[in-house]
Structures are given as structure tokens and as C-alpha cells.
Amino acid sequence: MKLAAFDFDGTILFDQGISPTDLQAIHQWQAAGHLAVAATGKSKSAAQEALAGIDISFDYSVLFTGAVVTDAQGTALRTSTIDAAVVQEIVVKLSSVEGIAVYGTRLNERDSRFSDTIGDKLETNILRGFEEMSVDDIAGQEFIGVPIWVPGNPGLQAEIRDWIAATYPVECVLNQTFVDVIPQGSTKGAGLEWLGNHLGVSREDVEVFTFGDSWNDMSMHEIADTSFAFPWSPDGVKAATDHVVESTADGLRLVADL
């Protein structure tokens with residue numbers, strides 16, 4: 001079995017959508033009998049919105065940076081959550097920090113936004129559709145993640161990541177200009193390993209290829225047989241992968257006869 005895992009933003013998904021060349025290569029990969037797996041930090045609703053109108057259907061999806069795994073129909077096979085009290089405390093402490101926006105993600109509902117001290121001068125393509133939610137609405141809800149947008153300030157981004165990781169029993173990863181707070185033990189690599197066990201396939205019987213441009217892709221690159229980054233990836237990500245390619249299609253052509 002061959003399995004290719006694809007990050008979304010900055011890997012196959014850009015402002016203009018998915019390029020026809022990448023889309024064709026993924027279709028050809030699946031037509032050859034191989035598995036195509038989405039591996040994204042996006043929530044279920046954000047992933048669906050991002051792919052709306054695009055002719056693509058992944059065999060499985062590793063969502064919320066590994067906290068949720070779904071099948072091709074979107075049915076959750078594995079779900080982890082963050083304690084609501086932890087979510088509430090993080091939201092309260094960050095709500096007054098200048099230059100950031102704090103969001104919440106749940107399994108099936110739309111993404112929510114708790115606070116925004118950035119204003120309308122900037123917008124992100126990573127997290128678009130959301131509803132406003134107050135801190136008082138957190139109790140009784142099940143949250144998969146807390147994405148924190150920190151545009152143009154990598155120092156503050158790292159500071160927030162380090163503080164949360166040292167204070168709460170959660171995972172905390174960097175994703176472009178976001179800090180993604182996710183349940184403990186949740187990574188893209190862990191999500192892919194869980195999927196392999198779910199499929200009943202021993203590790204030596206599956207060849208894993210990973211495509212990802214950013215830091216939150218490192219865990220899946222580490223378990224891959226062959227990993228791919230891109231020229232725009234951070235230097236540390238490029239150094240940790242097997243190949244740096246111009247596009248996902250270029251990478252797929254290196255490992256399959258497409």
C-alpha cells in the first residue's frame with residue numbers, strides 16, 4: 001500500500017485554490033490505487049469550506065492537526081478534545097493581548113472567534129468562516145482546538161506557544177502565522193499512525209509519503225518513508241525533509257508513474 005498525506009495551506013491550497021496540475025496528480029495517484037489523505041490543521045468545517053467547488057475527495061482526513069480522523073464521507077473515526085476549563089482560561093488570558101485573534105474549533109459546528117485585537121487591516125485565508133462567541137459560551141461545549149492568529153510577529157507567536165505548552169496539558173504547534181492549541185498527544189504524525197492501525201496495516205506494509213510546508217507538518221515528516229517540503233518552507237523544515245520540490249505534483253511524480 002502507498003499512502004500520501006497532504007497538508008493544505010501552503011502545500012496544495014493557495015489563494016487561487018488547488019492548481020490544476022496538483023489536482024490532476026492527486027487524481028492519478030488515487031486512480032493507481034493509492035490512498036490520498038488530507039493532513040491539515042483546519043477544522044472539519046473549515047476544510048469543507050476550503051474545498052468547496054473543488055473536484056477532490058480524500059480517502060481519509062487527519063484534521064485539527066491530528067486530533068480528529070475522518071473517513072471519505074466525513075464520519076469521525078477518532079476524536080480528542082480539550083478540557084473546556086483550559087479553553088476558557090486561555091481565551092481569557094489572551095483576549096487583551098494586542099495584535100492577535102483567538103478562535104475556537106469544535107467537531108461539527110462552525111469555527112468561532114472569541115477575540116480580535118488585529119482589526120480589519122489584515123485577513124487570513126487559513127481561517128475564514130466563523131461565528132462570534134463569548135467566553136461565557138465555552139462551558140458545556142467540546143472544543144477540539146484553539147487556533148491563535150499572530151500575524152507579522154514571530155517573536156510573539158513563539159512566546160505564546162511556549163507559555164501555553166509550559167502551562168497547560170495540551171499540544172501547541174506553529175502553523176504559518178498561527179499557534180494551534182490541540183489536545184495532548186495530537187499531531188499529524190500520531191493521526192497517521194492511528195489511521196494505519198485502524199486500517200489494520202502493519203507499518204512495513206505501507207509506504208508513506210508526506211507533503212507539508214510548515215512546522216506542524218514535522219511530526220508526519222518524521223514517520224514518512226519519503227517527505228517533501230517546498231522552497232517557501234522554513235529552513236528547519238526543508239532541512240528535515242528528503243526533498244524540496246516546486247509543487248506537490250512534482251513530488252508525486254518522483255515516487256509514482258503518473
Side-chain angles (χ1 to χ4, degrees), residues 1-9 11-13 22 25-44 46-48 51 56-82 105 107 144-145 170-173 175 180 182-230 233 237 240-243 245 248-249 251-258:
M1 177 185 291
K2 289 187 177 182
L3 182 156
F6 305 96
D7 171 52
F8 275 20
D9 298 293
T11 295
I12 62 170
L13 189 63
D22 284 351
I26 295 172
H27 285 166
Q28 291 173 332
W29 174 265
Q30 291 175 299
H34 310 315
L35 291 180
V37 178
T40 176
K42 287 184 181 295
S43 67
K44 183 178 176 181
Q48 290 171 340
L51 298 180
I56 193 168
S57 178
F58 290 99
D59 299 291
Y60 295 92
S61 294
V62 174
L63 305 169
F64 301 91
T65 318
V68 171
V69 179
T70 68
D71 62 16
Q73 289 72 46
T75 302
L77 305 173
R78 173 182 187 260
T79 304
S80 302
T81 59
I82 303 173
T105 53
L107 180 58
I144 309 294
V170 295
E171 300 289 341
C172 201
V173 296
N175 177 21
D180 286 336
I182 50 180
Q184 199 166 37
S186 298
T187 64
K188 292 185 180 184
L192 289 175
E193 288 181 328
W194 184 93
L195 177 59
N197 291 331
H198 173 76
L199 295 173
V201 181
S202 60
R203 183 61 184 87
E204 58 268 22
D205 291 332
V206 58
E207 195 170 5
V208 176
F209 305 91
T210 56
F211 295 80
D213 72 305
S214 196
W215 295 110
N216 69 338
D217 301 307
M218 292 289 283
S219 63
M220 68 174 185
H221 289 329
E222 289 170 359
I223 68 166
D225 294 288
T226 308
S227 55
F228 296 88
F230 302 89
S233 297
V237 176
T241 50
D242 298 305
H243 300 280
V245 291
T248 294
L252 286 175
R253 294 190 191 104
L254 284 176
V255 297
D257 185 18
L258 303 181

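Values below: all heavy atoms of this structure, side chains included; hydrogens, waters and symmetry mates excluded.
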Distance-minimising heavy-atom pair for G212 and H221: O-NE2, 3.1 Å
From NE2 (H34) to CD1 (I26), nearest 0.5 Å: 13.5 Å
Spacing of I144 atom CD1 and S80 atom OG [to the nearest 0.5 Å]: 7.5 Å
Chi angles and distances behind the side chain to side chain contact (heavy atoms under 4.5 Å, CB included) call for T70, T75: CA-CA 5 Å; T70 68; T75 302; 5.9 Å; no
Steps toward side chain to side chain contact (heavy atoms under 4.5 Å, CB included) verdict (L77, H198): CA-CA 9 Å; L77 305 173; H198 173 76; 3.7 Å; yes
Where K44 and L107 come nearest, the two heavy atoms and their spacing: CB-O, 3.4 Å
Chi angles and distances behind the ring-ring contact (aromatic ring centres under 6.0 Å, His included) call for F209, W29: CA-CA 12 Å; F209 305 91; W29 174 265; 5.7 Å; yes
Atom pair OG1/CE of T210 and M218 - distance to nearest 0.5 Å: 10.5 Å
Criterion side chain to side chain contact (heavy atoms under 4.5 Å, CB included) against V206, the qualifying member of L199, L3, L195: L3
Within-4.5 Å side-chain heavy-atom neighbours: I223 and E193: yes
Closest approach of T11 to T248 (non-hydrogen atoms, all atoms of both residues): O-OG1, 3.3 Å
Between S227 and D242, a side-chain donor and acceptor under 3.5 Å: yes
Side-chain heavy-atom pair L51, Q48 within 4.5 angstrom cut-off: no
Approximate separation, where rounding is to 0.5 Å, of K2 NZ and T226 OG1: 9.0 Å
Where F64 and I182 come nearest, the two heavy atoms and their spacing: O-CG2, 3.4 Å
Validation row: V173, T187 side chains within 4.5 angstrom (heavy atoms): no
Residue from T65, D217, T40 passing side chain to side chain donor-acceptor pair (under 3.5 Å) with K188: D217
Test item: S233 side-chain N/O and D213 main-chain N/O as donor-acceptor pair under 3.5 Å: yes
Atom pair OG (S57) and CD (Q73), whose distance is rounded to the nearest 0.5 Å: 7.5 Å
From N175 atom CG to D7 atom CG, the distance as rounded to the nearest 0.5 Å: 7.0 Å
Flag side-chain contact, heavy atom, 4.5 Å: F58 against V37: no
Contact summary for A47 and L63, nearest pair of heavy atoms: CB-CD2, 4.1 Å
L252 side chain reached by F211 side chain, heavy atoms, under 4.5 Å: yes
F6 side chain reached by D22 side chain, heavy atoms, under 4.5 Å: no
Side-chain touch F230/V245, heavy atoms, less than 4.5 angstrom: yes
Heavy-atom pair with the smallest gap, counting every atom of G66 and S186: C-CB, 4.1 Å
4.5 Å side-chain heavy-atom contact, L13 and K42: yes
